[in-house]
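Only heavy atoms go into these numbers, but all of them, side chains included; no hydrogens, no water, no symmetry mates.
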Number of protein chains: 2
Amino acid sequence: MAKAIAHPARVAILQYLVKKNACVCGDLVEELGLAQATTSQHLKELKTAGIIQGTVEGVNVCYCIDPKVWKQYRELFNVFFKDVTLEGGNCC
Amino acid sequence: MAKAIAHPARVAILQYLVKKNACVCGDLVEELGLAQATTSQHLKELKTAGIIQGTVEGVNVCYCIDPKVWKQYRELFNVFFKDVTLEGGNCC
DNA sequence: CATTTTAATCGTAATATTGCGATAATGGGA
DNA sequence: TCCCATTATCGCAATATTACGATTAAAATG
């Protein structure tokens, strides 16, 4: 899971999709400044991770966050990063 | 940041440290089942990321979560994974 | 001081990731 | 049907990550 978001390009894709909060058709390539092939590859990885979905819309493909999976990610990271308070204050 | 936790071994280390909620001196090697060199390398990456700290305790080194940085991670992931609700319900 | 224990570092091989040009595949017009 | 626009996929080079044995460093102990 962390791997899916462990690359600047993929973080940028996700942030862009979140910002738009809607389906985005293809402007990702200009947005990222990466080659079309590279962009497509990152999108594929995010799709494989389940965090985004792409629907064919005629000649375009529209991408958007999958809110359900997104929430799962949110919760899982939340659980993982639960509170930690070293009782001793300083360590050792 | 995501990269720091984007490897099973490093996740295991962090979970172990959280579970113990204290300083852990060296049992990580047996815990992980990896070579000592490999374990040390992962610990170094986590230290570089700032999420753990290691203090020399005589001949041992004790590791523990840095609660402050840990909280920062928690909050940053929280912000990143803020709520997303596609208004249209289904995408496209 | 020599030895032992623990951890870090070095060097290197194996593997994975990333990026991109070239090449398909698909659908919508002219 | 023949192009054109948009994506996906392939093949490959460059780079990064991972793992491990060997070596080094540091500290405690006899």
Notebook entry, point to check: Using a cut-off of 4.0 Å on non-hydrogen atoms, how would the nucleic acid contact of Ala37(A) be classed: base, sugar-phosphate, or nothing?
Noted result: base
Side-chain atoms of Lys47(B) come closest, of dA8(C), dC20(D), dA5(D), to dA8(C)
Step through the shown structure and confirm whether more than 12 heavy atoms of other residues, nucleotides or ligands are within 6.0 Å of NZ on Lys47(B).
yes
Whole-Å distance, Leu28(B) CG to dA19(D) P, equals 14 Å
- Hey, does the side chain of Arg10(B) reach the backbone of Ala4(B) with a donor-acceptor pair shorter than 3.5 angstrom? yes
Exercise for review: Using a 4.0 Å heavy-atom cut-off across all strands, classify Leu34(A) as base, sugar-phosphate, or nothing.
Suggested key: sugar-phosphate
- Message: Once you measure the plane-to-plane angle for Phe81(B) and Phe77(B), does it fall in the parallel (<30°), tilted (30-60°) or perpendicular (>60°) bin?
- Response: parallel
Note to self: Looking at Lys3(A), I'd like to know whether one of its side-chain N or O atoms comes within less than 4.0 Å of OP1 or OP2 on dT17(C).
What the structure shows: yes
Check the phosphate of dC20(C) against Thr38(A), side-chain N and O only, distance under 4.0 Å to OP1 or OP2. Yes or no?
yes
Sidechain-backbone polar pair: Thr48(A) side chain, Lys44(A) backbone, donor-acceptor under 3.5 Å: yes
**Prompt:** Do the cysteine sulfurs of Cys62(B) and Cys25(B) sit under 2.5 angstrom from one another?
**Reply:** yes
* Asked: Is the shortest side-chain N/O distance from His42(A) to OP1 or OP2 of dT17(C) below 4.0 Å?
  -> no
Against the side chain of Ser40(A), the closest entry in dA7(C), dA8(D), dT18(D) is dA8(D)
Among the nucleotides dC20(D), dG27(C), dT9(D), whichever has the atom closest to the side chain of Gln41(B) is dC20(D)
* Asked: Reckon Val59(A) touches a base, only the sugar-phosphate, or nothing at all at heavy-atom distances under 4.0 Å?
  -> base
Would you say Tyr63(B) places a side-chain N or O within less than 4.0 Å of OP1 or OP2 belonging to dT6(C)?
no
| Quick one: is Asn60(B) getting a side-chain N or O under 4.0 Å of the dT5(C) phosphate, OP1 or OP2? | no
Out of dC20(D), dT18(D), dT9(C), minimum distance to the side chain of Lys44(B) belongs to dT9(C)
Note: for Glu45(A) and Leu43(B) on DNA chain C, the residue whose nearest nucleotide lies more 5' is Leu43(B)
Rounded to whole Å, CG of Leu46(B) lies from P of dA8(C) at a distance of 12 Å
For dA19(D), take OP1 and OP2 only and decide whether either is under 4.0 Å from a side-chain N or O of His7(B). yes
Glu57(B) atom CD is separated from dA26(D) atom P, nearest whole Å, by 18 Å
Rounded to whole Å, CD of Glu31(A) lies from P of dT6(D) at a distance of 16 Å
Under 3.5 Å, is there any donor-acceptor pair linking the side chain of Gln36(A) to the base of dA8(D)? yes
